[in-house]
Amino acid sequence: MAAAYAVATPLCTWLVAACMSVRCEREKTSYSSLCPPSNSSRWARKGGVLIAPNHNDHLSKGSVLSFCGSLVNGSMFSRLAFAPCDEYNSSKELSSMALFGDLELFGFKTGRVFRKQKLLNRAVQSGKAMAVTVEPTIKIATKQKSLTKQRRVVVTGMGVVTPLGHDPNVFYNNLLEGFSGISEIETFDCAGFPTKIAGEIKSFSAEGWVSPKLSKRMDKFMLYMLTAGKKALADGGITEDLMSEIDKARCGVLIGSAMGGMKVFNDAIEALRVSYKKMNPFCVPFATTNMGSAMLAMDLGWMGPNYSISTACATSNFCMLNAANHIIRGEADMMLCGGSDAVIIPIGLGGFVACRALSQRNNDPTKASRPWDINRDGFVMGEGAGVLLFEELEHALIRGANIYAEFLGGSITCDAYHMTEPHPEGVGIILCMEKALADAGVSREDVNYINAHATSTPTGDLKEYQALIRCFGHNPELRVNSSKSMIGHLLGAAGAVEAVATVQAIQTGWIHPNINLENPDEGVDTNVLVGSCIFFNLHFITELITSVEMKQKECHGK
């Protein structure tokens, strides 16, 4: 067994010798003395494999690999003098190294190494311990990263495709008016389903935003995403002339989807029933959640961070937080972020019906979505996309962008409790909000408006409300609403579309109502939940915008 293992990975013999020597001398030698930080040779470890740097003479000079566990920027640094102890002397593994003679290992000739190893073998077999010092062959110069001030992230553009309109202003005005975008499903016959209503987009055209050729092939979630993304750019003042001037290597796209291209995938399955030859050759790429971000990046030529996140109805929030972090870390200057979903199709409707999660108030669709109302009977599916243009503050100021709001921070936690039910004590929600406040550097007393998740489910709404009150209930000015009362649950797009609604509230000072809140749950304070459209002074946010405007004037003054 020992010989076979040595044949498979001959360098491991030296690693074992190093580790055993360290173990035997643990009481005599401190760990830090085994791994001095200076004059070190570099070895990269990837996936459990030690890889030598590209120095052709490294092994031929008799150097020995060792692993001390010091990982710096993905590279291993080690300098270890060790002597095989008595426990290792009794092993015959080292002697197996003599079997190899001249061998090419990791692309290097190792004949000279093994001739020296034969001498070591004799010493080990005779019971003599021989110290072998690992000396670096090349000194690695490390460049220390200079400290920079915190980069700030602002919102400079917004784009939406929703059941209440495809323009941020039209969309928000309809919310303020209390209009409902929920109606009977028209795109397919749902007579056999107990739920026949949804927040369905009745009229949509990608003309002028997506090429006709792609429009015929793409799933609707991708069409919504590309359209909303390009509208966010247009809203952010990114013209063709400006597009040619910006550094596209520092511009990225991070737009996710909870369900992806379900229609494309479902059509492929139906075609497969006839023959694989009938399948759309684009069915695989156009069904994946990341392809929307990829197609948008290819269309724009943006070469920065590009991927998607799929975390059910939290998808957009994850995407926005990660996009902001890319800017904060200096990896990008501009990021398009948000979410998109389009699952109002038979398989989507049937799946949620099977979960018994949907409202069946078919006779009165506009009254079906009713967060916090005691007569709610489930959520209402919706579809659409929301995309925001995040930008580094200085970058936005230099180009004279219109700044809507500032992204201050966020957090990610997990209930670790149940697949769909929230924790009875709301611990996951509370932990997330507290960490988000800490990350943003905001006091909970300064938060006076929250656009809640509130989907109109019997359990989820109440648990979320209780968690919000525990965190922010001491603020008498606190106001809470849910956009889902009018547009339904847009799944992966929900967070981004509601973020647009929140930014619009910041801009206008007007907060939209919770419609259908006729009989609130017991313990729910109607003074907190917005019952009608109100004008509200968002003190904290207003101060932030004022400070940004002052900084913008300073920048233009220079």
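Numbering starts at 1 and runs along the sequence shown. The basis for the numbers below is simple: all heavy atoms, side chains too, and nothing from hydrogens, waters or symmetry mates.
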In terms of side-chain geometry, is the basic nitrogen of Glu477 or Arg479 positioned less than 4.0 Å from the acidic oxygen of its partner? no
So that I can tick it off, tell me whether Asp235 and Lys231 are bridged by a salt bridge, with the cut-off set at under 4.0 angstrom between side-chain N and carboxylate O. no
I'd like to know if Arg151 and Asp333 make a salt bridge, using a cut-off of under 4.0 Å between side-chain N and carboxylate O. yes
Taking CD1 in Ile347 as the centre, count heavy atoms belonging to other residues, nucleotides or ligands within less than 6.0 Å. Is the count above 12? no
Yes or no on salt bridge (charged side-chain N to carboxylate O under 4.0 Å, His left out) for Lys435 and Asp439, after CA distance, side-chain angles and deciding distance? CA-CA 6 Å; Lys435 291 179 67 176; Asp439 181 58; over 6 Å; no
Side-chain (Asn519) to main-chain (Ile374) donor-acceptor, under 3.5 angstrom: no
In terms of side-chain heavy atoms, does Thr288 have a donor or acceptor partner in Asn290 at a distance below 3.5 Å? yes
Sidechain-backbone polar pair: Ser257 side chain, Ser340 backbone, donor-acceptor under 3.5 Å: yes
Ion pair check, Arg370 and Glu518, cut-off under 4.0 Å: yes
With sequence neighbours left out, write down each residue that passes salt bridge (charged side-chain N to carboxylate O under 4.0 Å, His left out) with Lys196, or none if nothing qualifies. none
Report, as yes or no, whether the 6.0 Å neighbourhood of atom CE on Met243 holds more than 12 heavy atoms from other residues, nucleotides or ligands. yes
Test side chain to side chain contact (heavy atoms under 4.5 Å, CB included), reference Tyr404, set Thr156, Val154, Val503, Leu388, output is Val503
Does Arg444 come within less than 4.0 Å of Glu434, counting only side-chain N to carboxylate O? yes
Please assess Met320 against Asn317 for the test side chain to side chain contact (heavy atoms under 4.5 Å, CB included), listing each intermediate value before the final yes or no. CA-CA 5 Å; Met320 290 186 289; Asn317 290 340; 3.4 Å; yes
Heavy-atom count check: over 12 atoms from other residues, nucleotides or ligands less than 6.0 Å from Lys216 NZ? no
Does Thr289 form a side-chain hydrogen bond (donor to acceptor under 3.5 Å, both in side chains) with Ser308? I'd like the steps, not just the answer. CA-CA 7 Å; Thr289 59; Ser308 70; 3.2 Å; yes
Side-chain (Thr227) to main-chain (Ala206) donor-acceptor, under 3.5 angstrom: no
Below 4.0 angstrom, N of the basic side chain to O of the carboxylate: do Arg250 and Glu392 qualify? no
Donor-acceptor pair, side chain of Trp209 and main chain of Leu226, under 3.5 angstrom: no
Please verify the inter-ring angle class for Phe204 with Tyr224; under 30° counts as parallel, over 60° as perpendicular, anything in between as tilted. perpendicular
Test item: Asp415 side-chain N/O and Gly428 main-chain N/O as donor-acceptor pair under 3.5 Å: yes
Quick one, Ile246 with Cys251, criterion side chain to side chain contact (heavy atoms under 4.5 Å, CB included). Give me CA distance, side-chain angles, the key distance, then yes/no. CA-CA 8 Å; Ile246 63 176; Cys251 300; 3.8 Å; yes
Count the heavy atoms belonging to other residues, nucleotides or ligands that lie under 6.0 Å from CG of Asn363, then report whether that count exceeds 12. no
Only one of His166, Met225, Glu383, Lys220 passes side chain to side chain contact (heavy atoms under 4.5 Å, CB included) with Val161; say which it is. His166
Under the criterion side chain to side chain contact (heavy atoms under 4.5 Å, CB included), which of Ile255, Val253, Ile309 is the partner of Cys319? Ile309
Pair Asp525, Tyr465: side-chain N/O donor-acceptor within cut-off below 3.5 Å: no
More than 12 heavy atoms from other groups under 6.0 Å of CZ on Phe265: no
Side chain Glu498, main chain Asn451, donor-acceptor under 3.5 Å: no
Check for a donor-acceptor pair, side chain of Asp219 on one end and backbone N or O of Ala287 on the other, with a separation under 3.5 Å. no
With a sphere of 6.0 Å drawn around CD of Glu270, does it hold more than 12 non-hydrogen atoms of other residues, nucleotides or ligands? yes
Check Thr455, Asp521, Thr457, Asn516 against Arg376 for a side-chain hydrogen bond (donor to acceptor under 3.5 Å, both in side chains) and give me the one that passes. Asp521
Are the aromatic rings of Tyr307 and His326 close, with centres under 6.0 Å apart? yes
Could you tell me whether the side chain of Cys283 reaches within less than 4.5 Å of the side chain of Asp267, counting heavy atoms only? no
